[in-house]
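Below, all heavy atoms of this structure are taken into account, side chains as well, without hydrogens, waters or symmetry copies.
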Amino acid sequence: MKTINYILKLMGFLDVSDFLGKYHPLFGSIFASSLTFGIITGFIETHSGISILLWVFFAAGTLFDLLVGLYTNLIYLKLKFESDRFFRGIFKPFVMFVVIFLTNTFKRGLENSHIKPELLEDLAVYMTATIHYSFVITIGVFILLSIAENMAKMDIRAAVTLTKMLNMKIKKLEKFNDENDIDSAA
């Protein structure tokens, strides 16, 4: 400790507490909160396969969607509260998030497996990764679409336009998938 104090005095500090400043008693709690946050973030990112920022976007988007939906229906349109629609709005993202965890778990299991030949293993990993990220993108699009639909009920022009655009894109994709299904069945 003498050496550290000597070096700190050479740098112009009185001692360790002067170097750390007046907040040094809080370092223990800051360290504990940082460690807890790091463990939770690492768990989520490892087991879901997507970053914590994307999870924050999904959670904030889902919450914002619920609040905008409540405001639109209860205050703007003066409709009666329907608990089944409200809980459906909570349950649907929950199921989609579970699917993200499951597809990523399946992908990680394939990555750790020793399937021979390796080409087969790589093919399986890439297929499950494609399914995983397709669900991630789909969830993001559906959250944005739901927010836009709720705002379109309030006649917000940008939301009406965005809703029309997203619905056209979704119908195009569904039509494309239906055509591919018909072609593959023939």
May I ask you to check whether over 12 heavy atoms, not counting those of Phe101, lie within 6.0 Å of atom CZ?
->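 More than 12 within 6.0 Å, yes.
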Just wondering, are more than 12 heavy atoms of other shown residues or ligands nearer than 6.0 Å to CG in Leu119?
->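 No, not enclosed.
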For the pair [X] (side chain) and [Y] (backbone), establish whether a donor and an acceptor sit closer than 3.5 Å, ignoring hydrogens and angles.
| X | Y | answer |
| --- | --- | --- |
| Asn112 | Arg108 | yes |
| Ser113 | Leu110 | yes |
| Thr72 | Asn150 | yes |
| Thr46 | Phe43 | no |
| Ser146 | Phe142 | no |
| His132 | Ser48 | yes |

State, to 0.1 Å, how close [X] and [Y] come at their nearest heavy-atom pair, and which atoms those are.
| X | Y | value |
| --- | --- | --- |
| Val125 | Thr128 | O-OG1, 2.9 Å |
| Ile52 | Glu45 | N-OE2, 2.9 Å |
| Asn73 | Lys153 | OD1-NZ, 3.5 Å |
| Ala159 | Ala148 | CB-O, 3.5 Å |

With under 30° as parallel and over 60° as perpendicular, where do the rings of Phe58 and Trp55 fit, or are they tilted in between?
->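 Plane angle over 60°, so perpendicular.
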Salt bridge (charged side-chain N to carboxylate O under 4.0 Å, His left out) against Lys107, all qualifying residues, sequence neighbours excluded |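 Partners of Lys107 by the salt bridge (charged side-chain N to carboxylate O under 4.0 Å, His left out) criterion, ordered by chain and then number, come out as Glu111.
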Separation between [atom1] of [X] and [atom2] of [Y], rounded to the nearest 0.5 Å:
| X | Y | atom1 | atom2 | answer |
| --- | --- | --- | --- | --- |
| Leu120 | Ile115 | CG | CD1 | 6.0 Å |
| Lys172 | Met168 | NZ | CE | 6.5 Å |
| Phe13 | Ile7 | CZ | CD1 | 12.5 Å |
| Tyr71 | Met154 | OH | CE | 6.5 Å |
| Leu162 | Asn167 | CG | CG | 9.5 Å |
| Ile143 | Phe57 | CD1 | CZ | 6.0 Å |

Would you indicate whether the side-chain heavy atoms of [Y] and [X] approach each other to under 4.5 Å?
| X | Y | value |
| --- | --- | --- |
| Ile170 | Leu145 | yes |
| Phe135 | Leu102 | no |
| Leu74 | Leu79 | no |

Intermediate values then yes/no, side chain to side chain contact (heavy atoms under 4.5 Å, CB included), Ile90 and Leu66 = CA-CA 8 Å; Ile90 294 172; Leu66 286 172; 3.7 Å; yes
Chi angles and distances behind the side chain to side chain contact (heavy atoms under 4.5 Å, CB included) call for Tyr133, Thr103 | CA-CA 9 Å; Tyr133 289 112; Thr103 55; over 6 Å; no
